[in-house]
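Written out below as structure tokens is the structure these notes cover.
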Number of protein chains: 2
Amino acid sequence: MSLATMSSPHFVYGSHHPEVLKTLLNQEGFRITQQRHKILEVLNAAAEGDHLSAEDIHQKLLDQGEKIGVSTIYRTLHLLVDLGLLRELALSEERKFYELSNPMTVAHHHLICSQCGSVKEFEDAAIVSLGQDEALRQGFSLLDCQFTVYGVCEQCS
Amino acid sequence: MSLATMSSPHFVYGSHHPEVLKTLLNQEGFRITQQRHKILEVLNAAAEGDHLSAEDIHQKLLDQGEKIGVSTIYRTLHLLVDLGLLRELALSEERKFYELSNPMTVAHHHLICSQCGSVKEFEDAAIVSLGQDEALRQGFSLLDCQFTVYGVCEQCS
DNA sequence: ACCATAGCGAAAACCATTGTCAACAAGTTT
DNA sequence: AAACTTGTTGACAATGGTTTTCGCTATGGT
Ligand SMILES: [Mn+2]
Ligand SMILES: [Mn+2]
Ligand SMILES: [Zn+2]
Ligand SMILES: [Zn+2]
């Protein structure tokens, strides 16, 4: 169950589909459970640009009548991040946020208002390749690049 | 004491010097205290590439015989960040880290091993200007750009 | 269907950070 | 220099997100 033995990220295309997910998990000795399904469903259902915290996800599931514990939420989020299905965002808030990680597209980045906390997303292929270069230069294998810009938005100034 | 009334960041050159710091603080109605001096001293004494948590700083001061409370550490760190003297880093760890912010030089960036947590710094002027462009495009005033690359280092793979 | 064990969840523990408030001290006025 | 005003401190309690514990449950292989 060590992470070192898990498959590399580029095998996870379409992994939000139940069958593919099941196979991916089982290959590594993990089981596909109702709870893991539900959590991925919530993340799939989230609108583009939405960033969900563990508590957000838990609350959404409780609201739709599911019975699920917080421990399961945290455990599952970590698992999905390790599998490369999710991106964990350090937006300098007091909690972490999660979003689907789509290996097909260029990772996007975040512009955050330090005053009101609003988040705007943007894309820039150059940034990712800069990260890749630096990782290579230092002998690292790349997992994720996060470019986070802090400022003050129009309304707040 | 509102942040909106504080001087803009480019006035803080050499602010680690006692006199300049005193003037800077007093202009805004703040006071220069023994504790604020000590905390800045610790950060000044830190080696290049060192990232200190609030607890690190507190412990260093206790070790050198100072008597200082944790509340003061946190309060002071926030103040110094607001004044533009410090950079608060969200390295996706469970705590925040601080380093001196030198407005004369290009902000540097971080490559982190997700396995062992080791951090390597690197510089790239292009990245900061990309952040500046995006902030401008969205009508934000820029405060800080943090480019954080996650991967697995050589020893860990 | 059976079994071995990965996974679940309620509750407690953990731990970085923040709030409280009486005592203190920096800077200003007399 | 002493008095005064008010920003600042620090012991302690509280907060809140995340992790751990551990007996029970459900998944997947046989
Ligand atoms: Mn996003
Ligand atoms: Mn650094
Ligand atoms: Zn704003
Ligand atoms: Zn490492």
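Sequence lines set the chain letters: A, B, ... in the order given, protein chains first and strands last, and positions in each chain run from 1.
- For Arg36(B) and Val70(B), each mapped to the nucleotide of DNA chain D holding its nearest heavy atom, the one lying further toward the 5' end belongs to Arg36(B).
- In this structure, NE2 on His51(A) lies 13.0 Å from CD on Glu88(A), to the nearest 0.5 angstrom.
- Taking atom CG of residue Leu77(B) and atom P of nucleotide dG10(D), one finds them 14 Å apart after rounding to whole Å.
- Between His58(B) atom NE2 and dC12(D) atom C1' there is a gap of 13 Å when expressed in whole angstrom units.
- Relative orientation of the His109(A) and Phe122(A) rings is tilted, given thresholds of 30° and 60° on the angle between their planes.
- Straight-line distance from the NZ atom of Lys38(B) to the C1' atom of dT9(D): 16 Å, rounded to whole Å.
- When the side-chain nitrogen and oxygen atoms of Gln35(B) are compared with OP1 and OP2 of dG10(D), one or more of them lie within a distance under 4.0 Å.
- Nucleic acid contact for His78(A): sugar-phosphate only, since backbone atoms but no base atoms lie under 4.0 Å from a heavy atom of the residue.
- To the nearest angstrom, P of dG28(D) lies 7 Å from CZ of Arg31(A).
- Residue Thr33(A) is classed as a sugar-phosphate contact, given heavy-atom separations below 4.0 Å to backbone atoms only.
- Here dG10(D) is the nucleotide among dT18(C), dG27(C), dG10(D) with the atom lying nearest to any side-chain atom of Thr72(B).
- When each of Ser71(A) and Glu55(A) is assigned the nucleotide of DNA chain D with its nearest heavy atom, Glu55(A) is the one assigned upstream, toward the 5' end.
- The backbone N or O of Ile73(A) sits nowhere less than 3.5 Å from a side-chain atom of Thr76(A) that would complete a donor-acceptor pair.
- Closest to the side chain of Gln34(B), out of dT9(D), dG9(C), dA26(C), is dA26(C).
- Nearest heavy atom pair, residue Arg31(B) against residue Leu25(B), reads O-CD1, 3.9 Å.
- Listed pair Arg95(A) / dG16(D) fails the phosphate criterion, with no side-chain N or O lying under 4.0 Å from OP1 or OP2.
- Contact between the side-chain N/O atoms of Lys67(B) and the OP1/OP2 oxygens of dA11(D) is found at a separation under 4.0 Å.
- Per the geometry, NZ belonging to Lys96(A) stands 13 Å off C1' belonging to dC15(C), to the nearest Å.
- Atoms CD1 (Ile68(B)) and C1' (dT8(D)) sit 11 Å apart, rounded to a whole Å.
- Note on Arg75(B): a base of the nucleic acid sits closer than 4.0 angstrom, heavy atoms only.
- Residue Tyr74(A) has its side chain nearest to dG17(D) when only dT17(C), dG17(D), dT8(D) are considered.
- Between the side chain of Asn44(A) and the backbone N or O of Leu40(A) there is at least one donor-acceptor pair closer than 3.5 Å.
- Separating the CZ atom of Phe30(A) from the P atom of dC8(C) is a distance of 11 Å, rounded to the nearest angstrom.
- Proximity note for Lys22(A) (side chain, C-beta onward) versus dG9(C), dG28(D), dG27(C): the nearest is dG28(D).
- Ring-plane geometry between Tyr74(B) and His78(B) is classed as tilted, the angle between the planes lying from 30 to 60 degrees on a 0 to 90 degree scale.
- For dG27(C), the OP1/OP2 oxygens have a side-chain nitrogen or oxygen of Asn26(B) closer than 4.0 Å.
- Summarising the geometry, the separation between CD on Glu28(B) and P on dG7(D) is reported as 14 Å, rounded to the nearest angstrom.
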